Each structure stands twice: as C-alpha cells, then as structure tokens.
S.K.: 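Can you keep this structure in mind? I'll have questions shortly.
By convention in this document, chain letters (A, B, ...) are assigned in the order of the sequence lines, proteins followed by strands, and residues within each chain are numbered from 1. What you are looking at is a predicted structure, and each value in this text was computed from that prediction instead of being measured.
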There are 2 protein chains.
Amino acid sequence: MQEQTDPPGEPNPGLVSTAIQAITQHIRSEGLAPGDPLPSEAAMTRQLNVSRTVVREAFRSLSAMRLIDMSAGRRATVAKLDTGAMSMVIEHGITTQQISVQQVYDVRRTIEMRTVALAALRRTDQEAEAIARSARLMRENFTNPEAVMEHDIAFHEAIAAASHNPVFSLIVTAFSGVTRRTWVIGWRTRSSDEAQLKMIKGHEDIADAILKGDPRLAAEHMAEHFDKSVKALLDAGIA
Amino acid sequence: MQEQTDPPGEPNPGLVSTAIQAITQHIRSEGLAPGDPLPSEAAMTRQLNVSRTVVREAFRSLSAMRLIDMSAGRRATVAKLDTGAMSMVIEHGITTQQISVQQVYDVRRTIEMRTVALAALRRTDQEAEAIARSARLMRENFTNPEAVMEHDIAFHEAIAAASHNPVFSLIVTAFSGVTRRTWVIGWRTRSSDEAQLKMIKGHEDIADAILKGDPRLAAEHMAEHFDKSVKALLDAGIA
DNA sequence: AATAACAACCTGTCATACAGGTTTTGAGGG
DNA sequence: CCCTCAAAACCTGTATGACAGGTTGTTATT
C-alpha cells in the first residue's frame, strides 16, 4: 500500500527516513518560517500512503532534534533555531568517551576568540551591559559556586549573542552542558579566594574590552582565560 | 499505569522525553561504548511501564540524531560520533532563513584557521598525503565542477581529521551540506580558467604548508582561501 | 453582539497483529 | 565430542483501531 514514495532504487532507507525527508522537504519547498504550521499527521499519512505510526515517528524525530515544535491538540510548527540536538551529540560524544573535555575546550577557545572579537566590534550597548552584568553577578555571588557557574555560562552565551552570528551562539550554547559538568572541577583547583577572584577579574577584563570596543584586547583576555581554565582542568587530571 | 517514572513535579514533559532520558541515562550509567547493544524495546517497555509506542518513538528519535544505530531484527546499538543531527540543524537554519550562508562561512573560517594549524602540527604522513591527494584530484578533474566540489569538501574534512580533534571534524562535516548547496555559485563567479586554477592552487599551497609542518603558513593560505571564497559568494549576491 | 456550549479536529498513548530479519537452541549426523 | 543446519525464540518495522484529552472553530442562546 506504500510503493509510490519508495522507488526500488535504494535498498532500505526505511519508511520513517522517507517521511522525515518529506517533511523537511515540505518546509523547504513551502518556504516555511519559524512558527508556521505543518500538515497534520493525518494529512501526511494520506500524502505518503503510510501508517500514522510511521508519520508519527518522523514528526517525533524532528521534534527531538528541535527542528519542529509539537504539543497536544495543536499541529506541529516549524521551530526556531535551537541547540537541543547539538548538545545531545556533544554530550553523547563525551559520555561514550569519543571526545574529551580538553578537546571541547580547544574548540571553545577557538570559537570564543572569535566571538569575543566580533562582540567588541558589533555589540549594542544593551549587549555590552548584559555581558558586564553577568561578570558583576559572578563577583557578587562568588561564595556560591553554583551561581558563579551559571553566570559564567550566561557570560559566554551573551558574548556569542553579541557576535550577531547565530551559528556561533548555537555552538557555544551546545557546549554549555559539558561546561556544567566540568566547571566545578576547575573552580576547586582555584583553592584560594584570590585565585577565584582573579578568575572573575578575568571576566571583567573581557567585559571591559568589549565595552571599549577593542577586539584585540578582548581576544587577548579571552585567550588568557581559556589557557588558565584548561590548565586548571589539566591540574585536576581531566584529560 | 505509568506513574513511577513521571513524578508530579513537572507539568508535562511527555512520556517520550522521559524515555529518551532513560535511554541516554542507561548509556551513561552502564558506561556503554560505540557498538554496545541497548536493551530491547520490550525490555524498555517493561522497565518504564509505558507502551511500546512510546519506547519506539524514543529509540527512533535517538536514531534520527544518530546517537544510536537501529536495524531490523537486531537490537539498537550505541553509535559512533556522527554529524547527522548537526547537519540537519544547520540546514534547518539555512532553509528557514534563520542563518545566512555568509554567517556559516565566517564560522567555517574561524574553525578551519585552527584545524589547518593543528593539522600542520599533528598530521601523520598518511593524513598529509590524503590532503594532498584531494588537492591533486581537484586539479585533475577541474573541468568537472561536481567532482572538484566533492574533492574540495573531502580536502577540508581531511584537514579537520588531521587536527586529531573529532569535535572539529564534527563541525566541519556538519557544514558540508551547506557547502554542497552553495559551492557551484562561487565556482561560477570564477569565470576564467585561470581564476579557477588559481583557486585550486590555493588548496595546493595549503596542502604543502601542512606537509612542511608550518602552521602559520598554512593558516595564512587558509585565510586567503576563505577571504576569496566569501568574496566570490558576495559577488554572486549571496547574503 | 457577547458568550457559552458544542462539534470537529488534532495529538498522546495504548493494545494488538503480523511480516520479515537475527540470534539461539538443539537435534542429528559425522 | 564436534560440526552442521534447521527450527524456535526473539527482535524490529509497519499497520490498524481505539480512546483520552487538548485546541479551535461554529453555532445556538441570551
């Protein structure tokens, strides 16, 4: 009952893969934008001549990748760019030991050297303030590691946002999950208050450089920050 | 019949999300490596006290993200790191116009400036040869744009591989899909044979620098290459 | 015209069934 | 005792039907 969309060319891509392609293809060909509704499962079922089971698994898969949003009663809609899938891939790589924390930090360093420079050049005043605020909150809560970490992460995401390139934001945010799992380790190696405050000072320096609009200085401070962070992780024995 | 794993804390995460978490959690807690088998759908069904439908949608979602491999008759296995999900996210961003090709190129430039430097430092002889071979094949097939493009993509992926950091490979490969859709445009703006051969020469220069183990030179050539590529795309009106 | 009840539609979940694959088992033969 | 091979047990892929509950548009009542 389902031969038309599955020409005997390939061996066995599976009906679900075909359905996934059909849906993404629909988004493309109809030029849908985030928020626009997709066909209902029933409609897709008829169009593809497959069971609702197959269509549902396809929708669900796209939903898991956060390419579409689903909720009960409503039709699925095209989703805004989201980091969901990427974080899961990275986390999967880490937990299955296919990538190391240090490798992630190398990538982060590479990317954030760029985002910080772009942020210095392109930030709005609001964005500069948001970045500075995160740094300030790190200092104000510095007795509470959990809070410092969250503001640290927000700090880096705010810089990525100020780069005005959503692809950078996407990647930086995707790494936040890994950061949450390793951050405390780095913090602990900075045993003294001075060492911890010094690290916070580093963030403030970055925020200042962005405020001043000095990309070179900002990048320098960011490099220093990452070098120290990686050293802290290495000291803690994180390969 | 399914209250135990769904405490009344959150409003409605959905049974499938819960199942997805349970599966990834299983991978983590059992310390599974790529190739290791996961519980069968029936086993998961019993463990979570939900219907097979729910478990299946969860498995299928993870499979769509390429975190697990599924095939008929066999149990699902933990997957090797794969770029599947990432490419889909990027492509989704492009087709829904949430990100621009130019923004992707900026990210690529940032990342590949680093991969090329790392490749120059860490490449094995085999890897250097693979990189050089791709450049050579670009020249040999230069009357066939399609072939040139594929070797071009392979060239960049080979460099990422030679960086010995799989996260870089992951990201670079994720961008290959976008490249396939825009490459020809850049090629066409290089209307004359000289311009096209010059572009190929650029790749050979990069390969040489990597072979020599000169990261600075390699990065310089790579920067030049990207600047020209972006210029070509801009000339063609790709924002 | 505002509102409230209703109908139509949609997704979320469950149960069941069966067609192929794949692995395990075990019987029979060497 | 070991090897071979076929049956059995298990597994995934897909289809069908059912029903609960959420959402939206329609209609009837006030």
Side-chain angles (χ1 to χ4, degrees), chain A residues 1-8 10-23 26-27 32 35-79, chain B residues 1-8 10-23 26-27 32 35-79:
Chain A
M1 211 198 202
Q2 61 283 1
E3 320 81 4
Q4 82 192 41
T5 53
D6 203 14
E10 319 92 24
N12 189 16
L15 298 186
V16 176
S17 302
T18 310
I20 290 178
Q21 263 199 300
I23 296 169
H26 175 89
I27 295 175
L32 298 188
D36 290 348
L38 276 68
S40 72
E41 293 175 2
M44 258 323 183
T45 293
R46 282 191 298 274
Q47 184 191 322
L48 299 178
N49 257 315
V50 295
S51 72
R52 192 184 158 207
T53 307
V54 168
V55 172
R56 245 196 98 66
E57 287 186 10
F59 270 96
R60 183 65 81 171
S61 294
L62 292 172
S63 168
M65 286 187 273
R66 308 285 204 109
L67 303 191
I68 66 177
D69 290 323
M70 297 175 78
S71 72
R74 271 197 285 272
R75 298 204 301 199
T77 59
V78 176
Chain B
M1 210 198 204
Q2 61 283 0
E3 319 82 3
Q4 82 193 41
T5 53
D6 203 14
E10 319 92 24
N12 189 14
L15 298 185
V16 176
S17 302
T18 310
I20 290 178
Q21 262 199 300
I23 297 168
H26 176 89
I27 295 176
L32 298 188
D36 290 349
L38 277 68
S40 71
E41 294 175 0
M44 260 321 183
T45 293
R46 281 190 300 274
Q47 184 190 323
L48 299 178
N49 258 314
V50 295
S51 73
R52 192 184 158 207
T53 306
V54 168
V55 171
R56 243 195 99 66
E57 288 185 11
F59 271 96
R60 184 65 82 168
S61 293
L62 292 171
S63 168
M65 286 187 271
R66 309 284 204 112
L67 302 191
I68 66 176
D69 290 323
M70 296 175 78
S71 72
R74 270 197 286 271
R75 298 204 298 196
T77 59
V78 176

S.K.: Between A/Arg60 and C/dT13, is there a side-chain N or O to OP1/OP2 distance below 4.0 Å?
M.R.: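 Result: yes.
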S.K.: Base, sugar-phosphate or nothing for A/Thr53? Non-hydrogen atoms, less than 4.0 Å.
M.R.: base
S.K.: Nearest to the side chain of A/Val16 - D/dT14, C/dT13, D/dG13?
M.R.: D/dT14
S.K.: Once you round it to whole Å, what is the distance between C1' of C/dC10 and CZ of A/Phe59?
M.R.: 11 Å
S.K.: Could you grab the distance from atom CG of B/Leu62 to atom CE of A/Met65, nearest 0.5 Å is fine?
M.R.: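 One finds 10.5 Å between CG of B/Leu62 and CE of A/Met65.
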S.K.: Taking only the side-chain heavy atoms of A/Arg75 (C-beta and beyond), determine which of D/dA15, C/dT11, C/dA15 contains the nearest atom.
M.R.: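 For the A/Arg75 side chain, the nearest candidate turns out to be C/dT11.
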S.K.: Once you round it to whole Å, what is the distance between C1' of C/dT11 and CG of A/Leu38?
M.R.: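 Atom CG in A/Leu38 sits about 14 Å away from atom C1' in C/dT11.
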S.K.: Given C/dT22, C/dC14, D/dT23, identify the nucleotide with an atom nearest to the side chain of B/Arg74.
M.R.: C/dT22
S.K.: So A/Glu41 and A/Met70, do their side chains get closer than 4.5 Å, heavy atoms only?
M.R.: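 When only atoms from C-beta onward are counted, A/Glu41 and A/Met70 do touch, with a gap below 4.5 Å.
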S.K.: Verify the contact: side-chain N or O of B/Arg52 to OP1 or OP2 of C/dC14, cut-off strictly under 4.0 Å; return yes or no.
M.R.: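 Result: no.
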S.K.: Nearest to the side chain of B/Ser40, heavy atoms from C-beta on, is which of D/dC11, D/dT24, D/dG13?
M.R.: D/dC11
S.K.: Which of the following nucleotides, D/dG13, C/dC14, D/dT16, is nearest to the side chain of B/Ser51?
M.R.: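 Comparing D/dG13, C/dC14, D/dT16 against the side chain of B/Ser51, the answer is C/dC14.
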S.K.: Examine distances only and state if a side-chain atom of A/Ser71 and a backbone atom of A/Arg74 form a donor-acceptor pair shorter than 3.5 Å.
M.R.: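 Side chain of A/Ser71 to backbone of A/Arg74: no pair is present.
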S.K.: When you get a sec, tell me which of D/dT16, D/dG13, C/dT11 is the closest nucleotide to the side chain of A/Arg56?
M.R.: C/dT11
